[in-house]
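Counting begins at 1 with the first residue of the sequence.
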Amino acid sequence: LADVAFEARADDVLPGRLAAPASWNHVIERQLVRAELLAAVLAAVFIPQEDIPPVEFDDVAGKAVVPQQPDHAPTLQALEGLKGGDKDPLGAAAVLEPVYEAASDWMKLVSVHEVQVQHTEDVFQKVELLHRIARLHEDAMDNHGAAFDTYARAVAIDNGNSETLGNLERIATLVNRWPEVAKLYDAELDKLTDAPDRFVELGLRVAQIYETQLEDVENAIGRYRRVAEVDAENQNAIRALDRLFSMTERWQDLAAILAR
């Protein structure tokens, strides 16, 4: 859509504004400014000529800009439609992101990042985007519940990310949602049967949650035992089982642990 619209209406949209043809051709060839040009292209397609905001080409930045009317409503509406479609949602999101950030329109900025999450294949980038969304919910909108839910989504994508786990547990204290953390970690443990190091790390975390935050000794023992089955020499699990079996006077179980 952007390519066809540009070819059809470029002379109308950008008359006399591209003073450096060589620079323009270079940019076109590399397609580095497609997202920045999208607002102007959509304006040409959907907005009457007299309503098109002035478009300028920044030779230093190497991009087209619409400096006078960054909140031009018809253009933003067209971009929102493109963001939710199949043609170029990431291109539209790239244009809308700085506009919504400058306007402190946090909900719309979250919607932009959600589109980026949906269309991003890279796990690291997907998790980083979810972190941004969670920070917006927590810091900008004071919505700790939504921040918790977002970090939980990030755990399901990468259960070994320490930043995700730390923030999820921090917010769980604020919103009192430790049972959900334990349930989530248990589900993730079942995915790690072929990754013993990560199993042990997450297994210890969930065991400590059952023991400390939930005061559920039986489930804590069960998780420490699972860790010990994967790593029989893990001192954290052995010491925890020693302590809990002594506290509950389960002497036979304690003897079996000490005999290892």
Asks: Salt-bridged, D216 to R223, with N to O below 4.0 Å?
Replies: no

Asks: Does K126 reach the main-chain N or O of V117 with its side chain, forming a donor-acceptor pair under 3.5 Å?
Replies: yes

Asks: Without swapping roles, check the side chain of N167 against the backbone of E163 for a donor-acceptor pair under 3.5 Å.
Replies: yes

Asks: Against Q116, only a single residue in Q125, E128, R132, E97 fulfils side-chain hydrogen bond (donor to acceptor under 3.5 Å, both in side chains); can you say which?
Replies: E97

Asks: Would you say that D158 contacts N161 through its side chain, given a criterion of any heavy-atom pair below 4.5 Å between the two side chains?
Replies: yes

Asks: Going by heavy atoms in the side chains, are V200 and L204 under 4.5 Å from each other?
Replies: yes

Asks: Please check if L109 and M107 belong to a single hydrophobic cluster, counting links between Ile, Leu, Val, Met, Phe, Trp and Tyr side chain heavy atoms closer than 4.5 Å.
Replies: yes

Asks: Set out, in order, the CA-CA distance, both residues' side-chain angles and the distance that settles side chain to side chain contact (heavy atoms under 4.5 Å, CB included) for I221 and F245, then state yes or no.
Replies: CA-CA 8 Å; I221 288 173; F245 286 148; 3.8 Å; yes

Asks: Taking all atoms of both residues into account, what is the closest heavy-atom pair of S111 and K108, and its distance?
Replies: OG-O, 2.5 Å

Asks: Indicate, with yes or no, if V227 and V217 share a hydrophobic cluster defined by side-chain heavy-atom contacts under 4.5 Å among Ile, Leu, Val, Met, Phe, Trp and Tyr.
Replies: yes

Asks: Enter the distance from L202:CG to D186:CG here, rounded to the nearest 0.5 Å.
Replies: 8.5 Å

Asks: Taking the side chain as every heavy atom from C-beta outward, state whether N159 and T164 have any atom pair closer than 4.5 Å.
Replies: no

Asks: Do E201 and R198 sit within salt-bridge range, that is, some charged N less than 4.0 Å from a carboxylate O?
Replies: no

Asks: Side chain to side chain contact (heavy atoms under 4.5 Å, CB included), that's the test. Do L184 and L168 meet it? Break it down for me.
Replies: CA-CA 11 Å; L184 174 62; L168 180 71; 3.9 Å; yes

Asks: Thinking salt bridges, do E218 and R250 make one under a 4.0 Å N-O criterion?
Replies: yes

Asks: Which atom names give the shortest non-hydrogen contact between A93 and V115, and what distance separates them?
Replies: CB-CG1, 4.5 Å

Asks: Kindly indicate whether the side chain of Y151, heavy atoms from C-beta on, has any atom under 4.5 Å from the side chain of L165.
Replies: no

Asks: Could you tell me whether E169 and R205 have a side-chain N and a carboxylate O separated by less than 4.0 Å?
Replies: yes

Asks: Of M141, H137, R135, which meets side chain to side chain contact (heavy atoms under 4.5 Å, CB included) against D139?
Replies: R135

Asks: With a 6.0 Å cut-off (strictly less than), is the heavy-atom count around NZ of K183, excluding the residue itself, greater than 12?
Replies: no

Asks: Taking the side chain as every heavy atom from C-beta outward, state whether R239 and L241 have any pair of such atoms under 4.5 Å apart.
Replies: no

Asks: Give me the atom names and distance for the closest heavy-atom approach of G203 to L189.
Replies: N-CD2, 3.6 Å

Asks: Considering all heavy atoms of both residues, which atom of E215 and which atom of T212 are nearest to each other, and what is their separation?
Replies: CG-O, 3.8 Å

Asks: Should R226 and D231 be marked as a salt bridge (Lys or Arg N to Asp or Glu O under 4.0 Å) after you check the CA-CA gap, both sets of side-chain angles, and the distance that decides it?
Replies: CA-CA 9 Å; R226 291 189 69 183; D231 180 5; over 6 Å; no

Asks: Determine the minimum heavy-atom distance between A134 and A147, stating which atoms define it.
Replies: O-CB, 3.5 Å

Asks: Using the rule that Ile, Leu, Val, Met, Phe, Trp and Tyr join whenever any side-chain heavy atoms are under 4.5 Å apart, tell me whether V123 and L129 fall into a single cluster.
Replies: yes

Asks: So if you build clusters from Ile, Leu, Val, Met, Phe, Trp, Tyr with side-chain heavy-atom gaps below 4.5 Å, do W178 and Y224 land together?
Replies: yes

Asks: Is there a side-chain contact between F148 and E180 in this structure, where contact means two heavy atoms from C-beta onward sitting under 4.5 Å apart?
Replies: yes

Asks: Check whether any side-chain heavy atom of E211 lies under 4.5 Å from a side-chain heavy atom of R243, and answer yes or no.
Replies: yes

Asks: Using every non-hydrogen atom in the two residues, find where A237 and A228 come nearest and quote the distance to one decimal.
Replies: CB-N, 4.3 Å

Asks: Hey, is CG on D190 packed in by over 12 heavy atoms from elsewhere, all under 6.0 Å?
Replies: yes

Asks: Can you tell me how far the CZ atom of R153 sits from the CG atom of L130, to the nearest 0.5 Å?
Replies: 5.0 Å

Asks: Between E138 and T150, is any pair of side-chain heavy atoms under 4.5 Å apart?
Replies: no

